[in-house]
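What follows is a single structure, written as structure tokens, with notes after it.
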Amino acid sequence: MLFRSKRYSRIFSYLKDYKKQILLYVLTVLLTIIFSVLSLAMLFPFLQLLFGVNVNTNATSGGFMGWINSKLGALLSNGDAYSALGIVCLLIVLAIFLKNLFLYLSQVILGPIKNAMANRFRIDMYDKILSLPIGFFTERRKGDLMSRMTNDIHEVEASVIGTLEGWIKDPIAIIINLCVLFYISPRLTIFILLSL
């Protein structure tokens, strides 16, 4: 187990030069998840307007959704249902656009990190092969060495980037979604968590 953790720490040591890019990636992932939750939350006023349910003008929920509900309630009380529906649709489209924009930006930020890591892996592998004695090459086939270099570097690169995405994106998504669910209905969220 100790040997495995040393191996992983050696592989992830390649990421230490990219701290700023990783922090920027965390920020874009955070904004992606926030706008994803917001785009789903905007469906509630849309469905209320669509099915003719009155939007509460004295919104009990605070924050952005309470503000939206109060504005929609004011528009509906003036008899302007089409404007309220248009505003809700516009906000849903805007939230989905921003979610996809930040998702794209997170992939744009991750791309150069991935390429730079693969380049460093290849340089280190090349230096290692140049330092090996000549007797090593007489016992091994050259095609086998080249195949191992290209395939293994690709596998290590994919696993490092996949692990980085899994360590950052998934926990943030779980935490934010749980916070939103707890905000909407604490009893139901606790019940669901306890039933898992």
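All figures in this text were calculated on a predicted structure; none of them were measured in a lab.
- A continuous path of Ile, Leu, Val, Met, Phe, Trp and Tyr side chains, each step under 4.5 Å between heavy atoms, connects W167 with I161, placing both in one hydrophobic cluster.
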(request) Decide yes or no on side chain to side chain contact (heavy atoms under 4.5 Å, CB included) for L178 and L193, but give the supporting numbers first. (result) CA-CA 9 Å; L178 277 177; L193 287 176; 3.8 Å; yes
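- In this structure, CZ on R122 lies 11.5 Å from CE on M117, to the nearest 0.5 angstrom.
- When hydrophobic clusters are built by joining Ile, Leu, Val, Met, Phe, Trp and Tyr residues whose side-chain heavy atoms come closer than 4.5 Å, directly or via intermediates, F35 is not grouped with V93.
- Distance alone, capped at 3.5 Å, is enough to place a donor-acceptor pair between the T28 side chain and the L24 backbone.
- The ring pair (Phe, Tyr, Trp, His ring centres under 6.0 Å) check on Y25 picks up nothing, with sequence neighbours excluded.
- Contact between I96 and S39 at its shortest, heavy atoms only, is CG1-CB, 3.7 Å.
- Hydrophobic clustering (side-chain heavy atoms under 4.5 Å, transitive across Ile, Leu, Val, Met, Phe, Trp, Tyr) groups I153 together with I129.
- Proximity of a side-chain donor or acceptor of N177 to a complementary backbone N or O of A173 within less than 3.5 Å is detected.
- Between D17 and R120, the shortest heavy-atom distance links the atoms OD2-NH1, 3.0 Å.
- The cluster map of Ile, Leu, Val, Met, Phe, Trp and Tyr, joined by side-chain heavy atoms under 4.5 Å apart, puts I172 and L181 in different clusters.
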(request) Walk me through it: do Y104 and V108 pass the test side chain to side chain contact (heavy atoms under 4.5 Å, CB included)? (result) CA-CA 6 Å; Y104 172 74; V108 166; 3.5 Å; yes
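- If you take CD1 on I113 and CD1 on I109, they are separated by 7.5 Å, rounding to the nearest 0.5 Å.
- Remark: L94 CG to C89 SG distance equals 12.5 Å, nearest 0.5 Å.
- Within the model, atoms CD1 of I192 and CZ of R187 stand 13.0 Å from one another, a figure rounded to the nearest 0.5 Å.
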(message) I'd like to know whether I190 forms a side chain to side chain contact (heavy atoms under 4.5 Å, CB included) with F182, so could you lay out the CA-CA distance, the side-chain angles of the two residues, the decisive distance to 0.1 Å, and finally the verdict.
(response) CA-CA 8 Å; I190 291 172; F182 194 78; 3.8 Å; yes
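- I33 and K169 get closest at one heavy-atom pair: CD1-O, 3.8 Å.
- Counting only distance, with no hydrogens or angles, the side chain of T32 and the backbone of L103 share a donor-acceptor pair below 3.5 Å.
- The hydrophobic cluster containing F97 also contains L31, counting ILVMFWY residues as joined when their side-chain heavy atoms lie under 4.5 angstrom apart, directly or transitively.
- The two atoms that bring P171 and I168 nearest to each other are CD-O, 3.6 Å, heavy atoms only.
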(message) L23 vs L27, test: side chain to side chain contact (heavy atoms under 4.5 Å, CB included). Steps then yes/no.
(response) CA-CA 6 Å; L23 286 175; L27 179 66; over 6 Å; no
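- Side-chain contact between S106 and L110 is absent, with no heavy atoms from C-beta onward closer than 4.5 Å.
- For Y18, the ring pair (Phe, Tyr, Trp, His ring centres under 6.0 Å) test picks out no residue, with sequence neighbours left out.
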